[in-house]
Amino acid sequence: LQRMLSIAVEVDRSPTCSSHRIADEIFPFILNIPLRSQREALLNTMESQLLRCRLLELFFQHSCDVPSTSPMSLEKILYFLSHCSVLLHFKVSSPTSPLPCFLLTKLLIIKYCLLSQDEAATWQRWEEMLQYLSLLLMSYQTFPLAEHLRSSLSDRMELMVQKAKPRLQESDNITNLDIQLKMEDFISRMHKVLGQPFPPQIQEKLFLLQ
């Protein structure tokens with residue numbers, strides 16, 4: 001599957017455009033993958049960095065209350081760090097007619113069980129988000145080092161021979177202070193949800209990301 005997806009990205013005149021089209025098609029299916037281990041297996045084995053970067057970008061866009069309209073950049077990754085949310089929002093519609101008491105009781109029990117499981121799994125969702133942020137950063141940083149990946153196969157060899165320099169964006173010029181402030185804000189948000197101290201897995205992911 002990964003080899004087929006990689007070939008599908010490469011055969012287009014613009015691998016960037018094809019990666020966007022393919023990601024838009026398969027993203028809804030990724031949202032329906034039930035297990036984290038399955039989602040990570042799909043993303044970690046992806047051969048195309050362009051496709052993985054786009055899928056993760058869609059994932060975080062989907063997780064933000066106000067999605068960013070700017071193109072992919074290091075600045076956008078910092079935006080995701082500040083605005084993405086891992087909390088599930090349950091929307092309960094009011095019934096059109098009164099429910100029987102026994103059914104109301106069962107619904108309250110189910111709701112309590114779901115909320116209990118949700119609280120127990122909160123830090124794992126934060127850890128998964130940190131994992132994907134690091135993966136997005138690593139995928140995106142591949143392009144400045146290998147700009148030819150954005151070009152078609154027919155143009156790629158010539159660019160490699162010419163040792164073409166990467167096309168940096170203005171929004172890639174972030175400073176250490178930018179990173180520090182965004183990380184501090186992110187950690188503050190996590191403290192409000194998880195309390196202190198963080199589980200070792202969270203501490204490790206935070207260190208890796210920063």
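- Annotation: side-chain hydrogen bond (donor to acceptor under 3.5 Å, both in side chains) contacts of Ser6 (sequence neighbours excluded): none.
- Transitive grouping of hydrophobic side chains (ILVMFWY, heavy atoms separated by less than 4.5 Å) brings Ile187 and Phe60 into a common cluster.
- Summarising the geometry, atom CD1 belonging to Ile179 is positioned 7.5 Å from atom CD belonging to Gln210; distances are rounded to the nearest 0.5 Å.
- Under a hydrophobic-cluster definition in which Ile, Leu, Val, Met, Phe, Trp and Tyr are linked whenever side-chain heavy atoms come within less than 4.5 Å, directly or via other members, Leu194 and Leu208 are assigned to different clusters.
- Not a single side-chain hydrogen bond (donor to acceptor under 3.5 Å, both in side chains) links Tyr79 to another residue, sequence neighbours left out.
- Put simply, the side chain of Gln61 never gets that close to the backbone of Pro67: no donor and acceptor are under 3.5 Å apart.
- What you find for Leu51 and Ser19 is that their closest heavy atoms are CD1-O, 3.5 Å.
- Applying the salt bridge (Lys or Arg N to Asp or Glu O under 4.0 Å) test to residues at least two apart or on different chains, the pairs with a partner in residues 197-210 are Glu127-Lys205.
- Applying the side chain to side chain contact (heavy atoms under 4.5 Å, CB included) test to Thr175 and every residue at least two apart in sequence or in another chain returns Leu177, Asp178.
- Evaluation of the side-chain hydrogen bond (donor to acceptor under 3.5 Å, both in side chains) rule for Ser63 yields no partner, not counting sequence neighbours.
- A distance of 9.0 Å separates CZ of Arg52 from OG1 of Thr45, quoted to the nearest 0.5 Å.
- Pro199 pairs by the side chain to side chain contact (heavy atoms under 4.5 Å, CB included) definition with Trp123, Gln201, Ile202, not counting sequence neighbours.
- Within the 3.5 Å criterion, the main-chain N or O of Leu42 finds a donor-acceptor partner in the side chain of Gln2.
- In terms of the side chain to side chain contact (heavy atoms under 4.5 Å, CB included) criterion, residue partners of Met138 (sequence neighbours excluded) are, by chain and number, Leu135.
- Of the inter-residue distances, the one linking Leu209 atom CG with Phe207 atom CZ reads 11.5 Å to the nearest 0.5 angstrom.
- A single hydrophobic cluster is not seen to contain both Leu81 and Leu181; linkage of ILVMFWY side chains at heavy-atom distances under 4.5 Å, directly or through other members, places them apart.
- Under a cut-off of 6.0 angstrom, the local environment of CG in Asn44 is crowded, with over 12 non-hydrogen atoms contributed by other residues, nucleotides or ligands.
- Residues passing the side chain to side chain contact (heavy atoms under 4.5 Å, CB included) test with Cys17 are Ser14, Arg21, sequence neighbours excluded.
- A distance of 12.5 Å separates CG of Asn176 from CE of Met183, quoted to the nearest 0.5 Å.
- Note: Tyr132 and Phe59 have perpendicular aromatic rings, judged against thresholds of 30 and 60 degrees for the angle between ring planes.
- A distance of 6.0 Å separates CZ of Phe186 from CG of Leu206, quoted to the nearest 0.5 Å.
- Taking each heavy atom of Phe198 and Gln203 in turn, the nearest pair found is O-NE2, 2.9 Å.
- A side-chain donor-acceptor contact under 3.5 Å links Asp172 to the backbone of Leu74.
- Counting only residues at least two apart or in different chains, salt bridge (Lys or Arg N to Asp or Glu O under 4.0 Å) contacts with residues 179-192 are absent.
- Of the possible donor and acceptor atoms, none in the side chain of Glu10 sits under 3.5 Å from a partner among the backbone N and O of Pro15.
- Between Glu75 and Ser70 the shortest side-chain heavy-atom distance does not fall below 4.5 Å.
- In this structure, Leu35 stands alone, with no Ile, Leu, Val, Met, Phe, Trp or Tyr side-chain heavy atom under 4.5 Å from its own, directly or through other members.
- For the side-chain hydrogen bond (donor to acceptor under 3.5 Å, both in side chains) test, no residue two or more places apart in sequence or in another chain qualifies with Ser37.
- Residues Ile26 and Leu1 share a hydrophobic cluster, clusters being chains of Ile/Leu/Val/Met/Phe/Trp/Tyr side chains in contact below 4.5 Å.
- Counting only residues at least two apart or on different chains, the salt bridge (Lys or Arg N to Asp or Glu O under 4.0 Å) pairs with a member in residues 54-64 are Asp24-Arg54, Arg54-Glu57, Glu57-Lys76.
- Using the six-membered ring where Trp is involved, Phe27 and His62 have ring planes that are perpendicular, over 60° apart on the 30 and 60° scheme.
- Cys84 contributes atom SG, which lies 11.5 Å from atom CD1 of Ile77 (distance to the nearest 0.5 angstrom).
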Q: Please assess Leu133 against Leu137 for the test side-chain contact (heavy atoms from CB on, under 4.5 Å), listing each intermediate value before the final yes or no.
A: CA-CA 6 Å; Leu133 273 171; Leu137 181 60; over 6 Å; no

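- If you chain together hydrophobic residues whose side chains sit under 4.5 Å apart, Met4 and Ile22 never meet in one group.
- Nearest heavy atoms, Met72 versus Tyr140: O-OH, 3.4 Å.
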